[in-house]
Number of protein chains: 2
Amino acid sequence: MLDIETLVIIFSLHQGQLQVLLCQGQGYPRLPGRLLQDGLTLEDNALACLKEHTSLPQAYLEQLYTYGDLQRRTQTGRLVSVAYFALLASDAIDQLPAQQQWHPVNDLPPLVHDHTDIVHYALRRLRYKLEYSAVGFELLPEAFSLSELQRTYEIILGETLDKRNFRRRILQAGIIEPTPHQRSGGEGRPARLYRYRPDAIAEVKARRLFP
Amino acid sequence: MLDIETLVIIFSLHQGQLQVLLCQGQGYPRLPGRLLQDGLTLEDNALACLKEHTSLPQAYLEQLYTYGDLQRRTQTGRLVSVAYFALLASDAIDQLPAQQQWHPVNDLPPLVHDHTDIVHYALRRLRYKLEYSAVGFELLPEAFSLSELQRTYEIILGETLDKRNFRRRILQAGIIEPTPHQRSGGEGRPARLYRYRPDAIAEVKARRLFP
DNA sequence: GCAAAAGTGTTACAGTTACACCCATGG
DNA sequence: CCATGGGTGTAACTGTAACACTTTTGC
């Protein structure tokens, strides 16, 4: 007997940290998963899994890797796991039932099977992808300030960035545009809000290093 | 009924071109594939597929993508295809039965299903990977000259590279080392042979472009 | 000695990094 | 008026790209 499941590593920003959604497994927490349903593509099945756990029908979703080792089994037989990772916008999170099990990716409890390795691999891919594509916006609301964007990058990359250099580069890249609005209400000077330009080229070709 | 197959896009250099191994499909040529066998991991199944078609037990092998749309079917039911790409060293090729169906990747015949798209995606990944990892060596024999290495890069990338810059960068990266041997017998001055340093770090972190 | 491929450095330019102060608002 | 976060430019440096001639071998 052979089964396929989709696993989804669901990332979001929360309390200044990158967090992952976990659910109850056998003994240990585990990644949300769902057996592949007849009539659904792999991606639709992953989206259905996302919806089961967050009620959100849509999100940035990308295939990560397919795991097919022999330890991977259901009760009845062999299992192959197709892992996806998802990025949730922080404003979407705030509207959730709030009884979710979010865990900071830097401080995960032990997980079932190899799920810890899978999360770490997803994080590696996310960091890597941040460096040559515009994927960081997926974690922010539609309108955001440059400081919020910079904080997002810093949280994911785990390092601080220079404010002036960050702004210059992100604006020169032409992938965001100012909106007429400002974020006021907080302390300090109100920030101009920007939005991602949907017509911008999503992936900027990185300069070749080698050779 | 649900089945899993592994597909393998087998690349090699041949006659100054990057070529792909195809086999006979229904009406059109197709990529080598093999239904997942009980007791084999996905990767071992892909290796078994490679061995069926080339008699080579080993090669550079990397998972590419898993295709799970609804058009993908066997006679009996649904099919999910886990695609891998393989790189064969050019000296290994020369020892093959030679009745293989190699096709230049730039001049493919029409293929069954979406196999043409899969090959093009594999090529994109190969090109991309060449820019930040040492994967180019996998297509060469163990000992190679710098000119041969440069030609390999030029063929895959589809552009010419500056000889002096190429040499400086590849040597500075410290990923190859000279051997005491030379390649003589051809026309012109004999070339010093180099080999890949197995202790070198395989992936060089590309400079971040963004931001 | 000539054809053919191997090998070798320097200079101009572009992109990256480092760095400190003034501005607008709310309380 | 002061605390808080927003916003701005320049100079040194580092890495990249462009470029032409000499060397070694076989015939």
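A quick note: this is a predicted structure, and the numbers were derived from the prediction, not measured. Below, read A as the first sequence line, B as the second, and so on, with proteins coming before strands; counting in each chain starts at 1.
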What is the distance, to the nearest angstrom, from the CG atom on A:Leu193 to the P atom on D:dG6? 11 Å
CD/A:Glu52: more than 12 non-hydrogen atoms of other groups inside 6.0 Å: yes
Above 12 or not: heavy atoms from other molecules or residues under 6.0 Å from OH of B:Tyr60? yes
Quick one: B:Leu161 CG to D:dC19 P, roughly how many Å, whole number? 15 Å
Answer yes or no: does a side-chain N or O of A:Ser147 lie under 4.0 Å from OP1 or OP2 of D:dG6? yes
Hey, is CD on A:Gln182 packed in by over 12 heavy atoms from elsewhere, all under 6.0 Å? yes
Nearest whole angstrom, please: distance from the C1' of D:dT8 to the CG of A:Asn165. 12 Å
Taking the nucleotide of DNA chain C with the nearest heavy atom to each, does A:Arg168 or B:Leu146 sit closer to the 5' end? B:Leu146
Taking NZ from B:Lys163 and C1' from C:dA4, how many angstroms apart are they, rounded to a whole number? 11 Å
Whole-Å distance between D:dG7 C1' and A:Leu171 CG? 11 Å
Is it true that atom CD of B:Gln26 has more than 12 heavy atoms of other residues, nucleotides or ligands lying nearer than 6.0 Å? no
Compare every heavy atom of B:Arg167 with every heavy atom of B:Ser147, then report the nearest pair and how far apart it is. OG-NH2, 3.2 Å
With side-chain contact (heavy atoms from CB on, under 4.5 Å) as the test, would you mind laying out the steps for A:Ile176 and A:Arg197 before giving the verdict? CA-CA 5 Å; A:Ile176 62 174; A:Arg197 287 183 56 200; 5.6 Å; no
Going 5' to 3' through nucleotides 22-27 of chain D and flagging B where a protein heavy-atom sits under 4.0 Å of the base, S where only the sugar-phosphate is that close, and - otherwise, we get -BBB--
A:Arg167 vs D:dG9: side-chain N/O to OP1/OP2 distance below 4.0 Å: no
At less than 4.0 Å, is any side-chain N or O atom of A:Arg183 found next to OP1 or OP2 of D:dG6? Yes or no. no
Would you check, one step at a time, whether the test ring-ring contact (aromatic ring centres under 6.0 Å, His included) holds for B:Phe144 with B:Phe137? CA-CA 9 Å; B:Phe144 50 84; B:Phe137 305 95; 5.6 Å; yes
Return the value, rounded to whole Å, for the distance between atom CD of A:Gln150 and atom P of D:dT8. 14 Å
Derivation and outcome, side-chain contact (heavy atoms from CB on, under 4.5 Å), residues A:Leu7 and A:Tyr84: CA-CA 6 Å; A:Leu7 292 175; A:Tyr84 285 77; over 6 Å; no
What's the OH-C1' distance between B:Tyr194 and C:dA6, to the nearest Å? 10 Å
Using atom CZ of A:Arg164 as one end and atom P of C:dC22 as the other, report the distance to the nearest whole Å. 12 Å
Roughly what angle, to 10°, lies between the helix axis at the start of the helix from C:dG1-D:dC27 to C:dG27-D:dC1 and the one at its end, five pairs per end? 0°
So, are B:Glu5 and B:Arg34 salt-bridged, with charged N and O less than 4.0 Å apart? no
